[in-house]
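Scroll down for the structure; my scribbles are underneath it.
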Amino acid sequence: MKEALRAMLNQAFERCIESGEFNRIPLPDYVIEVPGNSHYGHFATNLPFLMASSLRRRPGDLASVILKNLGGLEDMFEKVEVAGPGFINFTIRGSEWHRLLGRIVAEGKDYGRSLAGAGRRILVEFVSANPTGPLHLGHGRGAALGDTLCRILSFTGHEVVREFYINDAGVQVRLLGESIYSRWRQRGDRDYPFPENGYHGDYVTDLAEQIADQLSLETMEPDEAVRRCALLGREKMLEEIKRDMGSFRVAFDVWASESDLYACGLIEKILESLRAKGQIYEEEGATWIRSSLYGDDKDRVIKKTDGEYTYFASDIAYHFEKFKRGFSKAVNIWGADHHGYIQRIKAALKTDGIDENWLEVLLIQLVRLFKGGEEVKMSKRAGLYVTLKELVEEVGVDAARFVFLSKNHDSPLDFDVDLVKRQDSDNPVYYVQYAHARICSVFRKAASEGLSAPPNPAELLERLVLEEELTLIRFMSQFPELLVDISKAMEPHRLTYYLTELASLFHKYFNQGTKDPEKRIVGGEKTLSQARLCLAQGVRQVLFTGLDLLGIQAPEKM
RNA sequence: GCGCCCGUAGCUCAGUUGGAUAGAGCGCCGGGCUUCGAACCCGUAGGCCGCAGGUUCGAAUCCUGCCGGGCGCGCCA
């Protein structure tokens, strides 16, 4: 509908120029918006303001001229007027909204799906936890964000690949092996030393027991035993991570391994090509990349004097490889404590001419957990932290995902377990689900009276004349473009707010009927009930689709 | 010190990328179930959008400078 309006305005603009009423100027980049206040109609444009300065005329006058040149007014509009200092406000006919509802119901589960991102291949890398310990709350937030973003991008026509990068090459995994081995030795020798910076969590002791059952550690040299502990520990942690992600309804297409990059010689290969281009040099016994030429604060070491690569080296190789795989864009979801690396990795990409905007990094801020009104302090190093699994066991997947997606990823999140655990009305999570369940209940009631939403309701829908009904349709009409906007801005949390508002509009509508039988969905005259059931069907569908994109279930009963 | 992010109702946060009278949830106070689900709805109170300038028809939104908070600035990962 907005597009139709835009086309009409563009045409009117041309007509004004051809008729000589306007001097020729380029069409401004104007906006058609839905005014917050319905007093200003259903749509409004600022076009006149944007032409005022170049034409040196008053916006109000320009608005009148444009209005005069708009064609086909009677068909689509109930009212078009110049308002304020120069807005043009449009009020759409009810019949147009009825037609739109018909389309929503007809499109069903595909309503909102689009081709906006057609031809765009996007790689989204998220979570990417070290396989050295269980996933924690921060990973949960990243998982919820990444997964929902991917779902929405796919729905808007992008080709999406979801990837988990396994940091399994460096000292972390070796340390894991040492930690496991030490725990195993400590069963016989209480004083056996534990590695400095080792992993302290109880899961390490569990791993030690499992691994001791599988391997005869006692027959091995310590070095060999540590190596085997590291390998097996990595495998087991990875399995657990995959399990946890699965039960959090997060799936990955690719599990990319850092150690594979080394194993297949990719790191050397890529560094060689950079060296050939003069982007790499040796100094003080180390190997450096000229990142400072491309926006980094200084050059960075990629190979240390001891001959080991830094993690940065493999990161560079990994991202170059991503680029070669032919994606139009790469999105990384990182913890906010990594923001210092953004500039660095982008600079590294630029050494090979890769546009820095090709890579987009979304930072997620800290998650703080509250229980009993107090913050639960966490320390990963000491192995003291709440795992994602524990959180999910306590509050459920739906609630956890909803809360993680209830704020911009860029702002810190306080997760109040007590609030989210409550099975009562204070829990924000149920609000949207409840609306869905309620509609399902209405349909059960309708069915018991032999009523349903007819598949081809065209003429019926004109029975919908209540302001609440038209408001619902108008609000639903914004769903497709919302998803496109979210895809562009990479802000999935906006969907959470949208659904909450849609649910709210429905609850208000529904409650009208508790006081006034004339306004009930089921119970009045047959055609009216059918029309209202169509409306309810549309709302139910949008709620369902929206929740599905959030990875949240839409229950029929609660 | 340098860089990034953030300052919006008592609390937690939205704010359609520059639009018209700044919103929601929680909390406070008051009201609504004899038939579609009260996990809901309705109403009241609550604001110098951190401060000061600037840009323009128009600023919570963009620019500059302060103030306050978080994070990052390794041949660690």
Side-chain angles (χ1 to χ4, degrees), chain A residues 31 33-37 39-40 44-46 48-50 52-53 58-60 83-87 89 130 132 167 169-172 175 197 284-288 297-298 300-306 308-312 315 335-344 363 365-366 406-408 410-414 416 419 422-431 433-435 437-446 448-449 478 481-482 485 488-489 493-494 496-498 500-501 503-504 506-515 517 519-524 529 532-533 536 557-558:
Chain A
V31 174
E33 57 161 11
V34 178
N37 190 333
H39 178 248
Y40 296 121
T45 184
N46 63 349
F49 289 106
L50 303 180
S53 63
R58 298 213 332 252
F87 293 99
N89 295 342
N130 295 344
T132 54
N167 279 111
V171 292
Q172 325 90 293
L175 258 177
N197 300 323
E284 299 169 9
T287 305
W288 303 69
D297 297 337
K298 55 181 190 178
R300 305 285 171 178
V301 170
I302 51 178
K303 194 174 191 179
K304 299 184 271 184
T305 44
D306 66 4
E308 296 267 320
Y309 287 107
T310 61
Y311 79 97
F312 190 45
D315 253 13
D337 52 341
H338 287 75
H339 76 76
Y341 301 117
I342 298 177
Q343 201 53 24
R344 194 177 305 184
L363 293 179
Q365 295 289 338
L366 213 66
S406 66
K407 284 173 180 52
N408 190 320
D410 216 5
S411 70
L413 176 68
D414 290 343
D416 185 336
L419 178 68
R422 284 213 292 251
Q423 298 282 321
D424 63 25
S425 59
D426 289 340
N427 193 330
V429 181
Y430 297 127
Y431 189 79
Q433 290 183 317
Y434 183 60
R438 210 177 206 183
I439 295 173
C440 291
S441 171
V442 170
F443 273 90
R444 285 190 293 271
K445 166 81 175 174
S448 77
E449 298 187 12
Q478 298 175 34
E481 60 187 285
L482 172 76
D485 287 350
K488 285 181 186 154
H493 72 282
R494 280 167 54 181
T496 317
Y497 284 87
Y498 174 85
T500 302
E501 193 171 346
S504 168
F506 180 77
H507 285 313
K508 279 175 195 171
Y509 174 53
F510 182 89
N511 267 282
Q512 299 277 317
T514 62
K515 286 192 195 118
K519 294 186 172 177
R520 287 194 193 142
I521 297 170
V522 177
S529 287
R532 287 177 173 168
L533 283 169
K557 291 180 181 175
M558 295 172 68

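Chain naming here is simple, since letters A, B, ... match the order of the sequence lines and numbering starts at 1 in each.
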Checking all strands, does [X] fall into the base, sugar-phosphate, or nothing category for heavy-atom contacts under 4.0 angstrom?
{"X": "S411(A)", "answer": "sugar-phosphate"}
{"X": "K557(A)", "answer": "base"}
{"X": "F443(A)", "answer": "nothing"}
{"X": "A435(A)", "answer": "nothing"}
{"X": "G513(A)", "answer": "base"}
{"X": "K304(A)", "answer": "base"}

So do D315(A) and T310(A) actually touch side chain to side chain, heavy atoms under 4.5 Å?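 With C-beta onward as the side chain, the pair stays apart.
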Would you say that L175(A) contacts N197(A) through its side chain, given a criterion of any heavy-atom pair below 4.5 Å between the two side chains?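 They are in side-chain contact.
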Whole Å only: how far is the [atom1] atom of [X] from the [atom2] atom of [N]?
{"X": "K407(A)", "N": "rG70(B)", "atom1": "NZ", "atom2": "P", "result": "20 Å"}
{"X": "K488(A)", "N": "rU17(B)", "atom1": "NZ", "atom2": "C1'", "result": "12 Å"}
{"X": "E308(A)", "N": "rC75(B)", "atom1": "CD", "atom2": "P", "result": "15 Å"}
{"X": "R494(A)", "N": "rG15(B)", "atom1": "CZ", "atom2": "C1'", "result": "10 Å"}
{"X": "N408(A)", "N": "rU12(B)", "atom1": "CG", "atom2": "P", "result": "16 Å"}
{"X": "I521(A)", "N": "rC36(B)", "atom1": "CD1", "atom2": "P", "result": "12 Å"}
{"X": "D306(A)", "N": "rG74(B)", "atom1": "CG", "atom2": "C1'", "result": "14 Å"}
{"X": "D485(A)", "N": "rA14(B)", "atom1": "CG", "atom2": "P", "result": "17 Å"}

Between [M] and [N], how far apart are the [atom1] atoms? Round to whole Å, please.
{"N": "rU55(B)", "M": "rU64(B)", "atom1": "P", "answer": "15 Å"}
{"N": "rC67(B)", "M": "rA52(B)", "atom1": "P", "answer": "15 Å"}
{"N": "rU56(B)", "M": "rC13(B)", "atom1": "C1'", "answer": "31 Å"}
{"N": "rA9(B)", "M": "rC42(B)", "atom1": "P", "answer": "24 Å"}
{"N": "rA14(B)", "M": "rG46(B)", "atom1": "P", "answer": "25 Å"}
{"N": "rC75(B)", "M": "rU12(B)", "atom1": "C1'", "answer": "43 Å"}
{"N": "rC40(B)", "M": "rA22(B)", "atom1": "P", "answer": "28 Å"}
{"N": "rU16(B)", "M": "rG50(B)", "atom1": "P", "answer": "15 Å"}

With syn defined as a glycosidic torsion within 90 degrees of 0 and anti otherwise, which applies to rU17(B)?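 Syn for rU17(B); the angle stays within 90° of 0.
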Applying salt bridge (charged side-chain N to carboxylate O under 4.0 Å, His left out), can you list everything that pairs with D410(A), at least two apart in sequence or on another chain?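 In terms of salt bridge (charged side-chain N to carboxylate O under 4.0 Å, His left out), with neighbours along the sequence ignored, D410(A) is linked to no residue.
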Among all residues two or more places apart in sequence or in another chain, which pass the salt bridge (charged side-chain N to carboxylate O under 4.0 Å, His left out) test with D414(A)?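 By the salt bridge (charged side-chain N to carboxylate O under 4.0 Å, His left out) rule, D414(A) matches R368(A).
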Map S504(A) and A446(A) onto RNA chain B by nearest heavy atom, then report which one ends up closer to the 5' terminus.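 The answer here is A446(A).
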Given RNA chain B, 5'-ward residue of the pair G170(A) and R520(A), judged by closest heavy atom: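 Its nearest nucleotide being more 5', the pick is R520(A).
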The side chain of [X] is closest to which nucleotide in this list: [options]?
{"X": "T310(A)", "options": "rC75(B), rG37(B), rC41(B)", "result": "rC75(B)"}
{"X": "A286(A)", "options": "rG37(B), rU17(B), rC75(B)", "result": "rC75(B)"}
{"X": "H493(A)", "options": "rC6(B), rC13(B), rG15(B)", "result": "rG15(B)"}
{"X": "E284(A)", "options": "rC75(B), rC40(B), rC6(B)", "result": "rC75(B)"}
{"X": "R444(A)", "options": "rC75(B), rG37(B), rA14(B)", "result": "rG37(B)"}
{"X": "D414(A)", "options": "rC40(B), rC75(B), rC13(B)", "result": "rC13(B)"}
{"X": "Y430(A)", "options": "rC13(B), rC75(B), rA39(B)", "result": "rA39(B)"}

Residues, nucleotides or ligands: over 12 heavy atoms within 6.0 Å of R58(A) CZ: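 12 or below, so no.
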No-H, no-angle donor-acceptor pair, S441(A) side chain to rC36(B) base, under 3.5 Å: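 Between rC36(B) and S441(A), which were checked side chain against base, a qualifying N/O pair under 3.5 Å is absent.
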Ring pair (Phe, Tyr, Trp, His ring centres under 6.0 Å) with Y509(A): which residues, sequence neighbours excluded?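 Y509(A) satisfies ring pair (Phe, Tyr, Trp, His ring centres under 6.0 Å) with no residue once adjacent residues are dropped.
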Return no unless some side-chain N or O of Y498(A) is found under 4.0 Å from OP1 or OP2 of rG15(B).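 Result: no.
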Under 3.5 Å: donor-acceptor pair, side chain of [X], backbone of [Y]:
{"X": "R532(A)", "Y": "R520(A)", "answer": "yes"}
{"X": "T305(A)", "Y": "A286(A)", "answer": "no"}
{"X": "T45(A)", "Y": "V31(A)", "answer": "yes"}
{"X": "T287(A)", "Y": "I302(A)", "answer": "no"}
{"X": "T500(A)", "Y": "T496(A)", "answer": "yes"}
{"X": "N37(A)", "Y": "Y40(A)", "answer": "no"}

Is the base of rC76(B) stacked against the aromatic ring of Y311(A), taking ring centres under 5.5 Å apart and planes under 30° as the test?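 So no, this residue does not stack on that base, at least one cut-off failing.
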Atom pairs under 3.5 Å, N or O on each side, protein against nucleotides 31-33 of chain B: can you list them with distances?
none

Protein N or O to nucleotides 71-73 of chain B N or O, pairs below 3.5 Å:
from, atom 1, to, atom 2, distance (Å)
rC71(B), O2, H339(A), NE2, 2.8
rG72(B), O4', H339(A), NE2, 3.4

Which one is paired to [N], where only Watson-Crick or G-U wobble pairs with both distances under 3.5 angstrom count?
{"N": "rC75(B)", "value": "none"}
{"N": "rG10(B)", "value": "rC26(B)"}
{"N": "rG53(B)", "value": "rC63(B)"}

For K407(A) against S411(A), the heavy-atom pair lying closest together: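 It is CB-OG, 4.0 Å.
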Identify the pairs formed between an N or O of the protein and an N or O of nucleotides 19-23 of chain B at a distance under 3.5 Å, and give each distance.
from, atom 1, to, atom 2, distance (Å)
rG19(B), O2', E33(A), OE2, 3.2
rG19(B), N7, N46(A), ND2, 3.3
rA20(B), O2', Y40(A), OH, 2.9
rA20(B), N6, N89(A), OD1, 2.7
rA20(B), N1, N89(A), OD1, 3.4
rA20(B), N1, N89(A), ND2, 3.3
rU21(B), N3, N37(A), ND2, 3.4

For the pair F510(A) and F506(A), name the ring-plane relationship: parallel under 30°, tilted 30 to 60°, perpendicular over 60°.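 Taking F506(A) first and then F510(A), their aromatic rings sit tilted (interplane angle of 30° to 60°).
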Approximate separation, where rounding is to 0.5 Å, of H339(A) NE2 and R344(A) CZ: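 So the gap between those two atoms works out to 11.0 Å.
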